[in-house]
Amino acid sequence: MSQDTMDSASAERSDPTGRGVVIETRGLSKFYRDFWGRKKVQALKALDLQIYRGEVFGLLGPNGSGKTTTMKLLLGLLFPTGGDVFVFGRAATDVAKNERIGYLPEESYLYRFLNAEETLDFYGRLFNMSRSVRRQRVSDLIEMVGLTWAKRRPLKEYSKGMTRRIGLAQALINDPELILLDEPTSGLDPIGTREMKDLILKLRDQGKTVVMCSHLLADVQDVCDRIGILYQGELKELGRVDQLVTMKDVTEIRVPRLSPQVEQELKAVLNKHQVPVLAWGNPSTTLEDLFLRIIRESEAHPGLRVHGRGDGNADRN
């Protein structure tokens, strides 16, 4: 039995989900050196991590925390200073595994004189896809990322958000099992951001594994099953999002709107048991949900103008 096979079998046995380990790092470290070969920056320090098939995993951290370095180590674009990294049970330096990976870098470097169709066709050729398969994949992906109306415009005329969309389509041209996304919502407006997050969830539902780096915490909370928080190259926290954000020392009860009489009775009961009231009022939505609701209402009813939601006033034209 080869070392790669043994490593893969070991990963499968240590997988609590039973779905299989797609990525595993053991004591993974990376130093960047100066011109004289001296250690200049330690970008990653002894990272131990397992990412399972069919989950969305978020790597969080401020700029310089080691997120992009980890991505490049997974792709084999960088060599580790210490430790091991395995993807699909094989060493990350085995470039053959990259045929099963899609990658969206933080900055997409595409041929600006090509249009969307030509761009995706070019990358399909790199994977030796037949003409008929390429044509179908190109059509499906352009529609999926919402660029059908601009599919024949050269990329040099694209906005940053449009470039981000075609970059994602490029990352999916080979129908990958593992998708690595570095700041996927960068440059997108709120509608594009929501569509990108919905797409990530759709990819997960198809059984694909998604690893995304971001410093936009709301985006990560919306789509990720588990997260790892990096700071100065060290893994500081790891776990399920729903468990990490739960405030276990606070109890929340949500009921339909109460009458003033019922409110007074409840407050009296809490006061009797010496339970302090930390907050009392109506729950709030997110600004993203509010924005999207207004836009969708405006699209559905062009003649409707709504304002003053905060004070309960609305005008209809």
Side-chain angles (χ1 to χ4, degrees), residues 17 54-62 65 146 161 181 183-205 210 212-231 236-317:
T17 69
E55 75 170 336
V56 181
F57 187 90
L59 271 178
L60 304 182
S65 60
L181 307 176
E183 303 291 350
T185 58
S186 174
L188 296 179
D189 60 24
I191 296 175
T193 297
R194 182 68 263 177
E195 291 173 347
M196 175 71 78
K197 291 189 286 190
D198 289 342
L199 178 57
I200 292 172
L201 294 175
K202 182 179 179 181
L203 292 171
R204 181 194 64 185
D205 293 342
V210 181
M212 59 180 287
C213 291
S214 181
H215 59 268
L216 301 176
L217 304 185
D219 292 348
V220 173
Q221 185 173 347
D222 285 344
V223 300
C224 289
D225 301 299
R226 291 192 304 140
I227 60 170
I229 299 177
L230 294 171
Y231 181 68
K236 298 295 186 178
E237 187 63 84
L238 175 67
R240 289 192 56 84
V241 174
D242 53 359
Q243 295 175 355
L244 292 176
V245 300
T246 298
M247 301 173 64
K248 297 182 179 179
D249 56 346
V250 177
T251 299
E252 180 180 63
I253 301 174
R254 290 196 176 192
V255 297
R257 186 170 183 174
L258 301 175
S259 67
Q261 179 182 354
V262 174
E263 285 190 10
Q264 291 299 322
E265 292 177 2
L266 283 177
K267 289 179 179 179
V269 171
L270 294 173
N271 185 58
K272 176 183 177 181
H273 294 279
Q274 299 182 340
V275 177
V277 178
L278 303 179
W280 191 286
N282 300 112
S284 61
T285 184
T286 65
L287 187 58
E288 177 187 343
D289 287 341
L290 173 64
F291 178 89
L292 294 176
R293 186 171 73 248
I294 292 173
I295 295 300
R296 287 165 181 162
E297 288 177 0
S298 299
E299 291 174 344
H301 306 284
L304 177 67
R305 182 181 63 166
V306 179
H307 65 81
R309 290 173 180 264
D311 57 13
N313 297 320
D315 289 342
R316 185 185 298 270
N317 287 344

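Just so it is clear, the model here is predicted, and its values are computed rather than measured.
- Salt-bridge annotation for Arg194 and Asp198: present, with a side-chain N of the basic residue lying under 4.0 Å from a carboxylate O of the acidic one.
- Heavy-atom contacts from other residues, nucleotides or ligands closer than 6.0 Å to NZ of Lys267 number more than 12.
- Distance check, rounded to the nearest 0.5 Å: OG of Ser186 to CG of Leu181 gives 12.5 Å.
- For the atom pair CG of Leu258 and CD of Glu265, the computed distance is 10.0 Å after rounding to the nearest 0.5 Å.
- In this structure, Leu230 and Pro62 approach most closely via the heavy-atom pair O-CD, 3.7 Å.
- To the nearest 0.5 Å, atoms CZ (Arg226) and CG (Leu59) are separated by 10.5 Å.
- Listed here is the closest heavy atom pair of Gly161 and Leu188: O-CD2, 3.4 Å.
- Between Val223 and Val56 the shortest heavy-atom distance is O-CB, 3.5 Å.
- Counting only N and O atoms by type, the side chains of Asp219 and Ser214 include no donor and acceptor under 3.5 Å apart.
- Nearest approach of Ile227 to Phe57, heavy atoms of both residues: C-CZ, 3.8 Å.
- Atom CG of residue Leu201 and atom CG of residue Asp225 lie 8.5 Å apart, to the nearest 0.5 angstrom.
- To the nearest 0.5 Å, the span separating CD on Gln221 from CG on Asp242 amounts to 10.0 Å.
- When all heavy atoms of Leu60 and Ser65 are compared, the pair lying nearest together is O-OG, 4.5 Å.
- In this structure, Ala218 and Lys197 approach most closely via the heavy-atom pair O-NZ, 4.5 Å.
- If you take CD on Gln261 and CG on Leu266, they are separated by 11.0 Å, rounding to the nearest 0.5 Å.
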